[in-house]
Structures are given as structure tokens and as C-alpha cells.
Engineer: 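Here it is, the structure, as C-alpha cells.
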Protein chains: 2
Amino acid sequence: MTPTPAKIRILLADDHTLVRRGVRLILDAEPDLEVVAEAADGAEAVAALRDVEVDLVILDVAMPRLTGLQAARSIARMRTPPKMLMLSMHDNEQYFFEALKVGASGYVLKSVADEDLVNACRTAMNGQAFVYPGAMSALVRDYLDRLHRGESLPNNVLTEREDEVLKLIAEGHSTREIARELTISYKTVERHRENILAKLGLRDRTQVTRYAIRAGLIEP
Amino acid sequence: MTPTPAKIRILLADDHTLVRRGVRLILDAEPDLEVVAEAADGAEAVAALRDVEVDLVILDVAMPRLTGLQAARSIARMRTPPKMLMLSMHDNEQYFFEALKVGASGYVLKSVADEDLVNACRTAMNGQAFVYPGAMSALVRDYLDRLHRGESLPNNVLTEREDEVLKLIAEGHSTREIARELTISYKTVERHRENILAKLGLRDRTQVTRYAIRAGLIEP
DNA sequence: GTACTTATGGGTGACAGCACCCATTCGGAA
DNA sequence: TTCCGAATGGGTGCTGTCACCCATAAGTAC
């Protein structure tokens, strides 16, 4: 008799029970895939990896406590990190580059069909990058190429301080309030705001708010 | 032989295939529930109701094109509207009251367990209001009581015109742009904006943006 | 060590946002 | 019929936002 081929062991992390349920049913239906653990947030996922041996982690981008992106950063620092697949509601570019930056092998939207998710798992395990929708794959290839050639990133990314200011603006605080909160000058906050608008190509605070919500920096 | 009891016929609307998949599997496993149609956005859902007879519509709050809340408003205007159950990512109060206001019988988080969703369907069909998490049910009872006694609502509700302006503000348009878009005076738009801020207890356009996203009026 | 980035702070001016004041028109409810 | 709410529009003034200009200290990169 032929030996049972080793299944790909999967950890599934998503805070929505209904989503986990759907994904699990899809994956367990495949002969070569097996969900061996579930987690309801990023912290649980990281903890679970200490107890269970898995080959692939599927992480929802937006989760309470540790977000999927934060969890991915943590997982990437392990001795022998498993492959990672990010699951997202949004086909937002920003999310997507963040995901690649933290070392994910793929980025799958929750609106994809069953087969696409299954394919993403297999592709990720082969060490290739998978991205859905396909329209983005040119972007990925380009990005990974650059990364491979050591060209680092084109980096329109915000600095830590700018991220702080971005978050406060998006939460509806005025320039004056932010200055008090960070105990820096009003003018410095204005300076940061200008840089943020310029780097992200936004026009005003309203658009900053939407950006921050899309990027998962704040809750709506 | 006993006649087969009539199943509750359900239309399931969610833009995420994976979520629809999970929910459908949960519901179809019940002997008295049957998903007879699916829709990937609010407009599809409304259209589907013209072709298929359903008893209960399960609507994701946030969907492209017509959001769940907008679709619910449209469905509520039908001759014999089906019961409606809102499905949401967020346990946010704002969403929740919006859902009740448009006539939904229930509000269920995507993080609930299978049984809770099934119970929500049955409770909604009995004409009762269901809400998860339970902590909110006091709120709901109070709200529905007031509504029933004809006390109308404490009325923080916006007029149609104000809703239009709200949406445009939240999408990042300036007062001048909105005036052009609606072909009314700059001052009138300012007037509407003032009323919106006052009615909703908000302070500026940034907060309007978050409100509109929470309320499902615009996509983040 | 020179150059670049990051964070810090200042000044000025144009304009937008917001909060008050005012009024008219129209339709429906009391 | 009278009155109220909704929609329309105007005036005035304060404050906030944003786009430019400028500079310095500290750290990093080459």
C-alpha cells in the first residue's frame, strides 16, 4: 500500500468564526491540505505556533490585539518560520505591500473563489509568491525583483513619527491637540502633516482618515 | 406520511465568497433553513428579490455598490418585505442603530458561533429582534419599545439632503465641490454641514468621514 | 567627514471650515 | 389657517488647514 502523502499542516487565524468555518471547510476538502489549528487573533496565532508544528499560517490582515501584519512580523523572526498567507477584505495596495514587506508569500482577498485559495496555499508552499487578483502580480514580481537585487524599497513609507501623527489626525484630533499630545510644537505637527499628505498623495485630513482606516491603523 | 415542513427560504448577501461559503454550510446543515440565493453586493440582492421568493435576507453591512444598509432601506420599501438580518464585522453601536433604523430584525457579528447565527435566523422569523452580543439587547428592547409606542425616534436622523451632503463630505469633497455637484449655493452646503455636525454631535469633517464609514454610507 | 534623513521649530499668506447671525419659499401637520 | 420643518441663500468673523519659505541638532550612510 502506498504511504499517505504528508499533508500541508495549516494554522488558520481569523477573528470571525464564520470566516474560519468557511475556510476550514474549503481546505479540509482537499486531500493534501489539513487545518491543524485555529486562532481568533494574532496573539493566539503566535502562541499556537509554539505548541503545534505547522507548515503554513493563514492570517487575516485585520484582527484584534495583534493584527495579522503584526503577527506576521513576529512569526517571521522565528527560527524556522512557516510560510505565511495573508487574507484580506481589501484589495488595497497599501495593505498589500505591507504584507509583502513582512515576508508573506501571498495575499488573498476574502472575495476569491475556493480554488484560488487552495491554489494560493500550494503556491506558497512551493516558495512562490501568490497574489489575487491577478492584476497585481506584475506589481509583486517587480517588487520582489527589486527586493532580491538588494534595491531595498522605493519607500514612500512613513517614518514612525509620521505614523503617530497620521493616526492622531485620523482619529479627529486638531493640529493643536496633537502638538499637546506629543509635546512638540504646533509647527512641527504641521510639518509632519505636510510630509504625510505629500508622501501619500492625499489632499486633506478627511482623506487621511479614510487612508488610516483602510490601512487598519485605526478602527472606523 | 408527514408533509415536509416548509423551510425558511434565505437570501445570502455578502461580497466575500469565503464568508458566503461558511454561512451557507452552517445554514444548510439545519433542517428548517435553506439558502435559496446568493448575492455579492446590495444591488444584486435587491435584484434577486424580484426573481426569487425568500423569507429572510441576510445582508452584510459593508458591501460594494449598494451597502447592506442601503439595500435594507430599499428592501424595506417593498410591498411584502422579507425579514432582514444584518451581518457585521463590527460590534459598533453606530452601525447597530443604523441597522435597526432601516428595519432589520437582527444584528449578528461575524465572530459569532454557528448556533448563534442559526438562532438569529429563527428568532428573526418569529418577528422578534435578535442581537449579538447579548449585552446590547437591553438597548434594542428600549429602542424598539420607543418605536412601538409611536414615540418616533429621539431623532438624530438626517434628512435625505443631509445624507447626500454627508456622503460627499465623507468622500473628501470640499464645500465648494459639493456645491457644484449638487448645483446649490456654497452657503447652503455650509448650512447642511452645520446641521449634520449638530445632529450627529460631531466636530469636523474628519469625524464625519469616520461616521459615514461606520454607518456603511461609503467604503473606506 | 561629508551628505542625507529625521525630527525639530519658525514665519507668512491664502483659503477653508465652522459658528454664529439673518431671511425666503414651500409643503405638510396641527 | 397657522405653524413648523426642510431647503434654500447671505453676512461676518474667528480659527484651522495647507502650501510655501526658512533653519538647526542628531543620527546614519557611504
Side-chain angles (χ1 to χ4, degrees), chain A residues 101 146-147 149-212 217-218, chain B residues 73 77 101 147 149-213 217-218:
Chain A
K101 212 184 301 171
R146 255 206 304 254
L147 206 63
R149 291 201 307 274
E151 255 183 52
S152 77
L153 352 170
N155 240 349
N156 50 347
V157 196
L158 302 183
T159 67
E160 275 183 48
R161 199 53 154 174
E162 285 164 353
D163 264 326
E164 278 184 280
V165 174
L166 169 67
K167 196 168 166 176
L168 289 166
I169 291 175
E171 278 169 351
H173 297 102
S174 71
T175 308
R176 205 169 299 280
E177 288 170 346
I178 297 171
R180 256 194 283 107
E181 172 79 17
L182 300 180
T183 45
I184 55 179
S185 151
Y186 179 90
K187 286 307 290 185
T188 305
V189 178
E190 282 204 310
R191 179 94 287 212
H192 287 312
R193 187 191 55 215
E194 280 179 49
N195 290 336
I196 291 167
L197 293 181
K199 282 189 183 179
L200 301 180
L202 305 177
R203 213 178 49 181
D204 56 32
R205 290 155 67 253
T206 307
Q207 299 189 345
V208 169
T209 302
R210 291 180 78 184
Y211 173 87
L217 288 170
I218 63 165
Chain B
R73 279 189 204 99
R77 280 195 294 269
K101 212 182 303 171
L147 206 64
R149 289 201 308 275
E151 257 182 48
S152 75
L153 346 175
N155 236 352
N156 47 351
V157 194
L158 302 184
T159 67
E160 274 185 48
R161 198 53 153 174
E162 284 164 354
D163 262 329
E164 277 185 282
V165 174
L166 169 66
K167 195 168 167 174
L168 289 167
I169 291 175
E171 279 170 350
H173 297 102
S174 72
T175 306
R176 204 168 299 281
E177 287 169 346
I178 297 171
R180 256 194 283 108
E181 173 78 17
L182 300 180
T183 43
I184 55 180
S185 151
Y186 178 89
K187 288 305 290 185
T188 305
V189 178
E190 282 202 312
R191 180 91 285 208
H192 288 311
R193 187 190 55 217
E194 281 179 49
N195 291 335
I196 291 167
L197 292 182
K199 283 188 183 179
L200 301 180
L202 305 176
R203 214 177 48 184
D204 58 30
R205 291 156 65 251
T206 308
Q207 299 188 346
V208 169
T209 302
R210 289 180 78 185
Y211 174 87
I213 291 172
L217 289 170
I218 63 164

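Sequence lines set the chain letters: A, B, ... in the order given, protein chains first and strands last, and positions in each chain run from 1.
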Engineer: Send over the distance from B/Glu177 CD to C/dA16 C1', rounded to a whole Å.
Structural biologist: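 So the CD-C1' distance, B/Glu177 to C/dA16, works out to 12 Å.
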Engineer: Please give, in whole Å, the distance from D/dA7 P to B/Leu182 CG?
Structural biologist: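 From B/Leu182 CG to D/dA7 P: 12 Å.
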Engineer: Give a yes or no answer on whether the side chain of B/His173 reaches the backbone of B/Leu168 with a donor-acceptor pair at less than 3.5 Å.
Structural biologist: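 The answer is yes, because a donor-acceptor pair under 3.5 Å joins these two groups.
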Engineer: For D/dG9, take OP1 and OP2 only and decide whether either is under 4.0 Å from a side-chain N or O of B/Thr188.
Structural biologist: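 Affirmative; the distance criterion is met.
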Engineer: Salt bridge check: are B/Glu194 and B/Arg191 linked by an N-O gap of less than 4.0 Å?
Structural biologist: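 The answer is yes: the pair qualifies as a salt bridge.
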Engineer: Please evaluate residues A/Glu190 and A/Arg193 with respect to the criterion side chain to side chain contact (heavy atoms under 4.5 Å, CB included), reporting the C-alpha separation (whole Å), side-chain torsions for both, the decisive distance (0.1 Å), and the verdict.
Structural biologist: CA-CA 5 Å; A/Glu190 282 204 310; A/Arg193 187 191 55 215; 3.4 Å; yes
Engineer: Keeping the roles fixed (side chain from A/Arg205, backbone from B/Arg205), state whether a donor-acceptor pair exists under 3.5 Å.
Structural biologist: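 Pair absent, no side-chain N/O of A/Arg205 close to backbone of B/Arg205.
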Engineer: With a 4.0 Å cutoff (strictly under), does any side-chain N or O of A/His192 reach OP1 or OP2 of C/dT8?
Structural biologist: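 Looking at the OP1 and OP2 atoms of C/dT8, one of them is under 4.0 Å from a side-chain N or O of A/His192.
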Engineer: Find the distance A/Leu166:CG to C/dA7:P and express it as a whole number of Å.
Structural biologist: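 Taking CG of A/Leu166 and P of C/dA7, I get 13 Å after rounding.
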Engineer: Polar-atom pairs under 3.5 Å, protein N or O versus N or O of nucleotides 15-19 of chain D: list them with distances, or write none.
Structural biologist:
| from | atom 1 | to | atom 2 | distance (Å) |
| --- | --- | --- | --- | --- |
| D/dG16 | OP2 | A/Arg176 | NH2 | 2.9 |
| D/dT17 | OP1 | A/Arg205 | NE | 3.1 |
| D/dT17 | OP1 | A/Arg205 | NH2 | 3.4 |
| D/dT17 | OP2 | A/Thr175 | N | 3.2 |
| D/dT17 | OP2 | A/Thr175 | OG1 | 2.6 |
| D/dC18 | OP1 | A/Arg205 | N | 3.0 |
| D/dC18 | OP2 | A/Arg193 | NE | 3.0 |
| D/dC18 | N4 | A/Glu190 | OE2 | 3.3 |
| D/dA19 | N7 | A/Glu194 | OE2 | 3.2 |

Engineer: Taking CG from B/Leu168 and C1' from C/dA16, how many angstroms apart are they, rounded to a whole number?
Structural biologist: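 Interatomic distance, CG of B/Leu168 to C1' of C/dA16: 17 Å.
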Engineer: Ignoring backbone atoms, establish whether A/Thr159 has a side-chain N or O less than 4.0 Å from OP1 or OP2 of C/dT5.
Structural biologist: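 The answer is no; no side-chain N or O of A/Thr159 sits under 4.0 Å from OP1 or OP2.
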Engineer: Would you find a donor on one side and an acceptor on the other, under 3.5 Å apart, between the side chain of B/Asp163 and the backbone of B/Leu166?
Structural biologist: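 Here the side-chain-to-backbone pair does not exist.
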Engineer: Checking salt bridge (Lys or Arg N to Asp or Glu O under 4.0 Å) for the pair A/Glu181/A/Lys167: CA distance, chi angles, key distance, verdict?
Structural biologist: CA-CA 12 Å; A/Glu181 172 79 17; A/Lys167 196 168 166 176; over 6 Å; no
Engineer: Just the rounded figure in Å: distance from P of D/dC21 to CG of A/Asn195.
Structural biologist: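 Checked: the CG to P distance equals 13 Å.
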Engineer: Provide a list of protein-nucleic acid N or O atom pairs under 3.5 angstrom, restricted to nucleotides 25-30 of chain C.
Structural biologist:
none

Engineer: Taking only N and O in the side chain of B/Arg191, is any of them less than 4.0 Å away from OP1 or OP2 of C/dC22?
Structural biologist: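 For B/Arg191, the contact criterion (side-chain N or O under 4.0 Å from OP1 or OP2 of C/dC22) is not met.
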Engineer: Starting from P on C/dG10, measure out to CD1 on A/Ile184 and report it in whole angstrom.
Structural biologist: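 Checked: the CD1 to P distance equals 11 Å.
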Engineer: How close do A/Ile169 and A/Thr209 get, counting heavy atoms only, and between which atoms?
Structural biologist: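 For A/Ile169 and A/Thr209, the tightest heavy-atom pair comes out as O-OG1, 4.4 Å.
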Engineer: Show your working on side chain to side chain contact (heavy atoms under 4.5 Å, CB included) between A/Arg161 and A/Leu182 and close with a plain yes or no.
Structural biologist: CA-CA 10 Å; A/Arg161 199 53 154 174; A/Leu182 300 180; 4.0 Å; yes
Engineer: Give the minimum heavy-atom separation between B/Thr206 and A/Ala170, together with the two atoms involved.
Structural biologist: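 In this case the closest contact between B/Thr206 and A/Ala170 is CG2-O, 3.9 Å.
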Engineer: Between B/Arg161 (CZ) and D/dG9 (C1'), how many Å, whole number?
Structural biologist: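 Distance, rounded to whole Å: 13 Å.
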